Structures are given as structure tokens and as C-alpha cells.
Amino acid sequence: MFVINCKNYEEIAGDNIIKFVKIAEKISKKYKIKIAVSPPQHLVGVVANSSISILAQHIDVSKTGSTTGFVIPELLKKSKVKGSLINHSEHRITSKEIEKLVLKLKELKMISILCVKDISEVKKYVKLNPDYIAIEPPELIGSGKAVSKEKPELIAKAASIVNNSKNKTKLLCGAGIVSGEDVAKAIELGSKGILVASGIIKAKDWNKVISEFAKALV
Ligand code: G3P
């Protein structure tokens, strides 16, 4: 048996991974072959071909080529991923990495959504001029208690900092948002949109809840 590690070589990026697997598949009828892929960038093609913008949850500071297991923005781009969250509360990274990744996404013309946990981080990171800053108090994430109702002053303050900065960064907020009313409240407080997970993903009727949230954003 042999294992082929695709690593993060550009030669295998985008649709090339599909061609490669098909070739190996034929040969594997005779010989035992296994292929080690990087799921974020090699398997995303299926959804990223959608007309909706697909983003990554995380990216790493690493390079294409002989690297293993990192999420590489350049390769995501080849798989039609449009951008990424950076520094999500559940996957925090250093400020040096944050800076490099915001710059990298800019260079690649990909969307950057920089997640922060409080006002001091809003002030610090708005200077990097990401496309979006998403403020999420970690203790409210997944709680069902909406940030827009529990901490309205936090959103209002973050909105005044972001909206009054000289750059084009827009504010998003998230954590515990579960209804159209929570969304509307966030917008009323100055947020330009929301970042949400459980309120939608765990709902019984996805069509109903996505439509409800979308209407509240208008
Ligand atoms: O990435 C969004 C997330 O942190 C908010 O989670 O489940 O509170 O909507 P949730």
C-alpha cells in the first residue's frame, strides 16, 4: 500500500484534485493506494461551486508547497472560496498572525471577517482595515441569548468606532442570535449584518429560519 500526501502543492489545487483522484482510482484497482488530502481546501470544491459566496472558518499563516495540514488562502481561492473568518473565538490566533492574514486576504482580493471579543479588540484591529469586524462576546456564543438583547451597548459602541473610522470596514455582530427580532435589533444598534451559527444550523426548518433572518436584515 502506498499513501500519497497531496500536501499544499498548487499543482493539486482547485479542480486538479478531482482529476488526480480519478487517475489514482483507476490504478488502485490493481494496487493499494490511499490519498491524504487537506479537507478544507481539497474537499471544498463541491460546495464552493455554488452561486452563494463560500467562506472558510479559519486560515493559517503558511505557504503553498511542501506543507501539511494547514489551511492555505491561495489554495482556497483556487477552489473558489471567497474569503475567511479570522480569529474566531473558538480558534483564536496571535495578533501577528491576524495582521498577516488580513494582509494576505487583501492581496488575494478575498473577503476578511476578523472576529473580536470586546471593544478593546475592535479599537486595535479596525486599524488593519479588514472588510468586516465581527464582535462576539464568547460567553454568549451558542447560548440562545442574543448579543443584541443582552449587550446592546456593546454593539452600539463597536458600531460607533467602526463606522467612524476612516476605512471601509463594516461591523457584524454575533452570539446567541436566534430570531428575526434579534437580527433587527442588531441592525438598529448600528451593526451592518450578523454572524450566526446555532440559531440557524440547529433549527428544524432551515428554509423558514434563513428567510426570517434575511428579511430582518433588510
Ligand atoms: O460564528 C458564529 C458564532 O460564533 C455564533 O454562534 O451559535 O451563538 O450563533 P451562535
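Note that this is a predicted model, so its numbers are computed, not measured. When a ligand or atom number is given, it counts from 1 through the structure's own listing order. Positions are given from 1 along the sequence.
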Dump all N/O pairs between ligand 1 and the protein below 3.5 Å as a table: atom names plus distance, one pair per row.
{"from": "ligand 1", "atom 1": "1 (O)", "to": "His88", "atom 2": "NE2", "distance (Å)": "2.8"}
{"from": "ligand 1", "atom 1": "4 (O)", "to": "His88", "atom 2": "NE2", "distance (Å)": "2.8"}
{"from": "ligand 1", "atom 1": "4 (O)", "to": "Glu136", "atom 2": "OE1", "distance (Å)": "2.9"}
{"from": "ligand 1", "atom 1": "4 (O)", "to": "Glu136", "atom 2": "OE2", "distance (Å)": "3.1"}
{"from": "ligand 1", "atom 1": "7 (O)", "to": "Ser198", "atom 2": "N", "distance (Å)": "2.9"}
{"from": "ligand 1", "atom 1": "7 (O)", "to": "Ser198", "atom 2": "OG", "distance (Å)": "2.4"}
{"from": "ligand 1", "atom 1": "8 (O)", "to": "Gly142", "atom 2": "N", "distance (Å)": "2.6"}
{"from": "ligand 1", "atom 1": "8 (O)", "to": "Gly176", "atom 2": "N", "distance (Å)": "2.8"}
{"from": "ligand 1", "atom 1": "9 (O)", "to": "Ala197", "atom 2": "N", "distance (Å)": "2.8"}

Original post:
Under the side chain to side chain contact (heavy atoms under 4.5 Å, CB included) criterion, do Ile161 and Lys123 qualify, and how do the steps go?
Top reply: CA-CA 7 Å; Ile161 297 165; Lys123 287 183 184 154; 3.9 Å; yes
**OP:** Please report the C-alpha distance between Glu97 and Thr94 in whole Å, then the side-chain angles of each, then the deciding distance to 0.1 Å, and finally whether the side chain to side chain donor-acceptor pair (under 3.5 Å) criterion is met.
**Re:** CA-CA 5 Å; Glu97 288 171 313; Thr94 65; 3.1 Å; yes
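Inter-residue side-chain proximity for Tyr132 and Leu114 is flagged as unmet; no heavy-atom pair is nearer than 4.5 Å.
For the pair Glu107 and Lys77, the salt-bridge criterion is not met [side-chain N within less than 4.0 Å of a carboxylate O]. Taking a cutoff of 4.0 Å between a charged side-chain nitrogen and a carboxylate oxygen, Lys149 and Asp182 qualify as a salt bridge.
In the hydrophobic cluster analysis, where Ile, Leu, Val, Met, Phe, Trp and Tyr join through side-chain heavy atoms closer than 4.5 angstrom, Leu75 is grouped apart from Val81.
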